[in-house]
Amino acid sequence: MRDERSARLKRRPHRQPGLPGEARAPSSDVWTRAEASLSDIHVPEIHDLADRLRFAPQQGRIRLDDQRMMLMHVSSLGALRQELIESLGKETARGLITRIGYQAGANDAKMAKKLRSGSNTLDSFLAGPQLVSLEGIVHCEPVALDIDVANGRYYGDFYLIDCAEAEAHLASYGLGDEPACWMLVGYACGYTSTFMGRPILWRELECKCTGHTKCRVIGRPAEEWGEEAREDLRFLQIGDFVKFNPAPSGKLPATARLAALDAALPDNDFGMVGISSGFNTVCHLVKKVAPTEATVLFLGESGVGKEIFSHNLHRLSGRAKGPFVAVNCASIPEQLIESELFGVERGAFTGATASRAGRFERAHGGTLFLDEIGTLSYTAQGKLLRALQEGEIERVGDSRVRKVDVRVIAATNVNLRDAVKEGTFREDLFYRLNVFPIRVPPLRDRRDDIPLLMNWFMRRACTKHRKSVTGFRERAVDVLITYNWPGNVREMENLVERAVILADEGGALDLCHLFTTGEEVTDTTFVVQKNGGLLQSSGVEETAERGALQPLADTEARMLRLALSEAKGNLSLAARLLSISRPTLAYRLKKHNIS
């Protein structure tokens, strides 16, 4: 009943804006209705959202939940807007800025649904206006709100107070005759459309840039606006708005195409997830070299995904219908490496009771992947070099030369240039392999991929082990993002799978499920306090030398003390800060002997 009552508030007619530059006071009747509607709207506390804002100056990162953010001078925003307007023209610049705002709003809508998944419809929706306040863009004040997601009904009326975008525009152009909060209007369209699952168009009917005391926007389904919204729809060639105003050329603007790519990210053609520049660079290089016959050398630390990229390179190549044969050079004894690679004839040595094809022959017409190639002995390197150069091999104990058509992909976590200098790797073989090197960066250098990988591995582990978990607790997310990941993606996959196994059915993954085998965990981020100041979160720097679970117990005790200090001894408030019930808090305080 509360959800239904909160989400369907009495709609009041909005007052029409005055002439350009004119700030008219509303009539007494309209003002009474506005006050009545506003008094009915309970705006939830923002603390749950503020708790997800993290500053990590040592890494040069700011995060809002699992999204990377950045601070920007309002004067720089004004300079950027002015540059776009004067170089591209007002029409093009407005469309670009509106669509950028739309994408930001769509991202925040997904975040809001996740962070307030257990809240009623109204509280969940109001996370959007609170997020733009948290991001320092504007303060939103609801005037009237009518939401019915199931039936697709929506009406919103908001004041935008102290808008950074209006401030930036005024500094560059002064008062004008048209509203100028283009990015915010785009944000509102993206946020509400994603939240409602249908295109909701917002229009700015009052703006500080036209002389009003504050900005005002009204939103409702796009089809309900009629002809008066045709002008606004011209700038929203993105998402479901395309059907209202298709691009004349049939080609969407770049911002709309990027948003579509971002939405389809988890299902890219690599079967992998990632958004970091390092990940995208590797994907780009793989796609470039795949159609060719060039030898590829993957470089990078153990566990970064070199073999997965090799599989994808083969799949995208002209040899995709041929075999993909993988060889781990480190796992084959030196005395057997020749027979494994080139094959053996019957009677060649004791125990060779039958002729057997080697890996080169088995990969004929396809791809041969040589993993950990830096571990090959000097003698084996010479034999491999001849096979690569001549394209022919001889089985052990045979005098017949066999031609092979094989594309070679190699991988190593060893610095081969240093190995050449030290005399442990043949220089001629290095240059034969180093035709098209691709370096896969370690996970600590592509932290933007961590939130995606966490959730991807969690879903896979849940499916594999037939378990259901709700996600990660925020303190677990903080540590996962700041952890150094010496084992890279392979370590994350194993760690998340272990956590899913340890977690209770229907519960959330916490630190006690994740770091249980002596990992060195640190957390040096800053969190936002209620007064707006920053507080360094309790650092964790422990190993499992005192027992696998002891560091986690110490961490929990420190977090309990920090919450009590923040709440000034108020147990109910401390429980809310920790997102647990008061009885649970009392139990844990007793467990750690904290009074």
Side-chain angles (χ1 to χ4, degrees), residues 1-3 5-7 41-55 63-67 108 111-135 139-140 142 469-481 503-504 506-514 523 525-540 552-595:
M1 288 296 292
R2 161 151 172 75
D3 184 45
R5 185 171 62 253
S6 299
I41 301 177
H42 168 71
V43 179
E45 294 289 337
I46 199 173
H47 303 317
D48 60 331
L49 304 179
D51 286 343
R52 302 310 306 134
L53 186 59
R54 291 289 189 272
F55 294 81
R63 287 187 297 105
L64 182 54
D65 193 46
D66 57 7
Q67 299 292 314
D108 276 4
M111 188 189 309
K113 285 186 174 182
K114 179 174 68 173
L115 296 182
R116 289 187 175 168
S117 57
S119 303
N120 60 59
T121 303
L122 184 64
D123 286 358
S124 182
F125 176 81
L126 288 175
Q130 290 179 311
L131 282 170
V132 287
S133 297
L134 189 63
E135 292 161 10
H139 172 63
C140 298
V469 297
T470 59
F472 296 85
R473 291 197 181 277
E474 54 188 64
R475 60 186 177 188
V477 174
D478 292 338
V479 176
L480 286 170
I481 291 179
D504 295 331
L509 305 185
D510 210 338
L511 288 176
C512 60
H513 306 129
L514 292 162
D523 181 9
T525 57
F526 293 81
V527 297
V528 181
Q529 300 181 91
K530 292 181 181 179
N531 61 6
L534 296 182
L535 175 70
Q536 184 170 349
S537 62
S538 57
V540 183
L552 302 174
D554 294 344
T555 301
E556 184 178 62
R558 282 198 294 271
M559 294 184 69
L560 292 170
R561 291 190 180 96
L562 182 64
L564 279 176
S565 175
E566 176 73 11
K568 295 182 172 57
N570 186 318
L571 294 184
S572 297
L573 178 56
R576 287 197 297 272
L577 291 173
L578 293 170
S579 300
I580 59 178
S581 67
R582 193 179 186 282
T584 300
L585 175 63
Y587 167 77
R588 292 184 178 178
L589 290 175
K590 183 178 180 180
K591 171 185 171 184
H592 293 285
N593 197 25
I594 299 173
S595 59

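For this chain, numbers begin at 1 and follow the sequence in order. All values reported here derive from a predicted model rather than from experimental measurement.
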Got a second to check how far [X]'s [atom1] is from [Y]'s [atom2], nearest 0.5 Å?
X: Leu589; Y: Arg582; atom1: CG; atom2: CZ; result: 9.5 Å
X: Ile594; Y: Arg561; atom1: CD1; atom2: CZ; result: 4.0 Å
X: Arg473; Y: Ile580; atom1: CZ; atom2: CD1; result: 8.5 Å
X: Met111; Y: Leu131; atom1: CE; atom2: CG; result: 6.0 Å
X: Leu578; Y: Arg588; atom1: CG; atom2: CZ; result: 8.0 Å

Partner residues of Lys114 under the salt bridge (Lys or Arg N to Asp or Glu O under 4.0 Å) criterion, sequence neighbours left out: Asp65, Asp66
Across all chains, not counting sequence neighbours, the salt bridge (Lys or Arg N to Asp or Glu O under 4.0 Å) partners of Arg576 are none
Residue list, side chain to side chain contact (heavy atoms under 4.5 Å, CB included) with [X], at least two apart or on another chain:
X: Ser565; answer: none
X: Ile46; answer: Leu49, Gln130, Leu134
X: Ala503; answer: Val469, Leu509, His513
X: Ala567; answer: Asn570, Leu573, Ala574, Leu577

Residues Arg116, Asp123: salt bridge by 4.0 Å N-O rule: no
List the atom of [X], the atom of [Y], and the distance in Å for their closest heavy-atom pair.
X: Pro129; Y: Leu126; value: CD-O, 3.3 Å
X: Cys140; Y: Ser133; value: N-OG, 3.8 Å
X: Leu511; Y: Ala476; value: CD2-CA, 4.0 Å

Apply ring-ring contact (aromatic ring centres under 6.0 Å, His included) to Phe125 and list each qualifying residue two or more places apart in sequence or on a separate chain. Tyr154, Tyr191, Phe195
Has the side chain of Asp510 got a donor or acceptor atom that lies under 3.5 Å from a matching backbone atom of Cys512? no
Checking side-chain contact (heavy atoms from CB on, under 4.5 Å) for the pair Val477/Arg52: CA distance, chi angles, key distance, verdict? CA-CA 10 Å; Val477 174; Arg52 302 310 306 134; 3.9 Å; yes
What residues, two or more places apart in sequence or in another chain, satisfy side chain to side chain donor-acceptor pair (under 3.5 Å) together with Thr470? none
pair Asp478-Arg63: side-chain heavy atoms closer than 4.5 Å: yes
